[in-house]
Amino acid sequence: MLLLAAAFLVAFVLLLYMVSPLISPKPLALPGAHVVVTGGSSGIGKCIAIECYKQGAFITLVARNEDKLLQAKKEIEKHSINDKQVVLCISVDVSQDYSQVENVIKQAQEKLGPVDMLVNCAGMSLSGKFEDLEVSTFERLMSVNYLGSVYPSRAVITTMKERRVGRIVFVSSQAGQLGLFGFTAYSSSKFAIRGLAEALQMEVKPYNVYVTVAYPPDTDTPGFAEENKTKPLETRLISETTSVCKPEQVAKQIVKDAIQGNFNSSIGSDGYMLSSLTCGMAPVTSITEGLQQVVTMGLFRTIALFYLGSFDSIVRRCMMQRARSEIADKTA
């Protein structure tokens, strides 16, 4: 009886693997496609633009700093695979005025055609203890990280639905899957992207438009270097428990997942574990993906408890060290 049950289970899993490709989205062809990348003048955004350009896409770079945009344009153009490819630069703050964002997207579409893929990579990070952060910091991060993704997506979604094709990528963070010490403002803004993406995917899936949420770990970018200048000790020590990724590695994975229409995009073993642990009611691209989440959930939760215990230990040690320093200062 036990052997029969095991044989049935194996047959069922094999059937899922066979059926899975039939219900997965058709991959998006990048050659000749129009890809818009916000925050594309540096870091992960620029590397995503390069990766798409290497595959034959036409690129629109959107960022605030015009000088950085032009520099990024020159770097990207070195990777062309044919002489028809174009890199268009648009200087605008995607988090401030929706009508302005809508107008620049229209301009880009007039020059390079309808947007096939939008990558929302504009963002920033500020850290600090909850009571030490100004209220304006919470407002600013929600504006840049959340509304800075809402506005461009809103500007392209109607055309994508009409054409029955499109990809929208939201670049969140592992801090958008797990709240960490010092990230009360940052994590909130990145968690918000997850809610937006899940609801949007349910709306646009019948139109063959697919949403991808990327959760990169700490990545060696100018933004990460700036973030480290103000990180509390606890936040820095927790961050150091994992390695720092190269932006090129992160970009390749995000582009690959977006092409395939995968809802989740994670990097490395830690990223895979976090995505499985926090999948909740998130959509799946294939039956296989859902089955993997079901099978690994218990094991990953056990591992996660050890991580959480380690993080709590770091916070307690820092608190005790700070208390001892204060006592020493008073007695000196």
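Only this structure's heavy atoms are used, side chains among them; waters, hydrogens and symmetry mates stay out.
Although no hydrogens or angles enter the test, the distance criterion places a donor-acceptor pair under 3.5 Å between the side chain of Ser276 and the main chain of Tyr272.
Expressed to the nearest 0.5 Å, how far NZ of Lys190 lies from OG of Ser173 amounts to 6.5 Å. One distance of note links CD1 of Ile105 with CD1 of Ile90; it measures 6.5 Å at 0.5 Å rounding. The OH atom of Tyr210 sits 11.0 Å away from the CG atom of Asn262 when rounded to the nearest 0.5 Å. Separating the CG atom in Leu178 from the CG atom in Leu274 is a distance of 6.0 Å, to the nearest 0.5 Å. The distance from the OH atom of Tyr215 to the CD atom of Gln174 is 11.0 Å, given to the nearest 0.5 Å. Between atom CD1 of residue Ile267 and atom CD1 of residue Ile254 there is a gap of 5.5 Å, rounded to the nearest 0.5 Å.
Between the side chains of Asp257 and Gln253, at least one donor-acceptor pair of N or O atoms lies under 3.5 Å. A donor atom on one side chain and an acceptor atom on the other are found under 3.5 Å apart for Glu51 and Gln55. Using modelled atom types, one finds a donor on one side chain and an acceptor on the other under 3.5 Å when comparing Arg317 with Ser313. Donor-acceptor pairing under 3.5 Å is recorded for the side chains of Ser99 and Asp97. Side-chain contact, Gln177 with Ser275: a donor N or O sits under 3.5 Å from an acceptor N or O. A side-chain donor from one of Ser153 and Asn120 sits under 3.5 Å from a side-chain acceptor of the other. Using modelled atom types and a 3.5 Å distance limit, the side chains of Asp270 and Tyr307 yield a donor-acceptor pair.
Residue Glu198 qualifies as enclosed at atom CD: its count of foreign heavy atoms under 6.0 Å is above 12. For Tyr98, the OH atom sits in a packed shell: over 12 heavy atoms of surrounding residues, nucleotides or ligands are nearer than 6.0 Å. No more than 12 heavy atoms of other residues, nucleotides or ligands sit less than 6.0 Å from atom CE of Met202. Atom NZ of Lys54 has more than 12 heavy atoms from other residues, nucleotides or ligands within 6.0 Å. Counted within 6.0 Å of CD on Glu77, heavy atoms from surrounding residues, nucleotides or ligands total more than 12; the atom is thus considered enclosed.
Lys161 places a side-chain heavy atom less than 4.5 Å from the side chain of Val204. By the 4.5 Å heavy-atom criterion applied to side chains, Met273 and Ile303 are counted as neighbours. Looking at Gln293 and Val284, their side chains come closer than 4.5 Å, going by heavy atoms from C-beta outward. Counting heavy atoms from C-beta on, the side chains of Arg324 and Gln321 come closer than 4.5 Å.
Between Glu110 and Lys106, none of the side-chain N atoms (NZ, or NE/NH1/NH2) sits under 4.0 Å from a carboxylate O, so this pair counts as no salt bridge. Using a 4.0 Å cut-off between charged nitrogen and carboxylate oxygen, Glu226 and Lys229 count as a salt-bridge pair.
Of all heavy-atom pairs spanning Lys84 and Phe58, the tightest one is O-CE2, 3.0 Å. Nearest heavy-atom pair, Thr137 versus Ala185, reported as atom, atom and distance to 0.1 Å: CG2-CB, 4.4 Å. Contact record, Thr278 with Arg194: O-NH2, 2.6 Å, taken as the closest heavy-atom pair. When all heavy atoms of Ala258 and Val169 are compared, the pair lying nearest together is CB-CG2, 3.6 Å.
Phe138 has its ring centre less than 6.0 Å from the ring centre of Phe130.
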* Do Phe181 and Lys129 pass the side-chain contact (heavy atoms from CB on, under 4.5 Å) test, and can you show the C-alpha distance, the side-chain angles, and the key distance before you say yes or no? -> CA-CA 7 Å; Phe181 188 105; Lys129 290 183 183 178; 3.9 Å; yes
* Asked: Glu234 and Arg322: salt bridge (charged side-chain N to carboxylate O under 4.0 Å, His left out), yes or no, with the steps?
  -> CA-CA 11 Å; Glu234 293 90 339; Arg322 198 172 288 113; 3.0 Å; yes
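When each of Ser125, Ser239, Ser127 is checked for a side chain to side chain donor-acceptor pair (under 3.5 Å) with Lys231, only Ser239 meets the rule. Of the options Ser95, Ser172, Ser189, a side chain to side chain donor-acceptor pair (under 3.5 Å) to Asn145 is made by Ser189 and by none of the others.
A continuous path of ILVMFWY side-chain contacts below 4.5 Å connects Leu233 to Tyr186, so both sit in one hydrophobic cluster.
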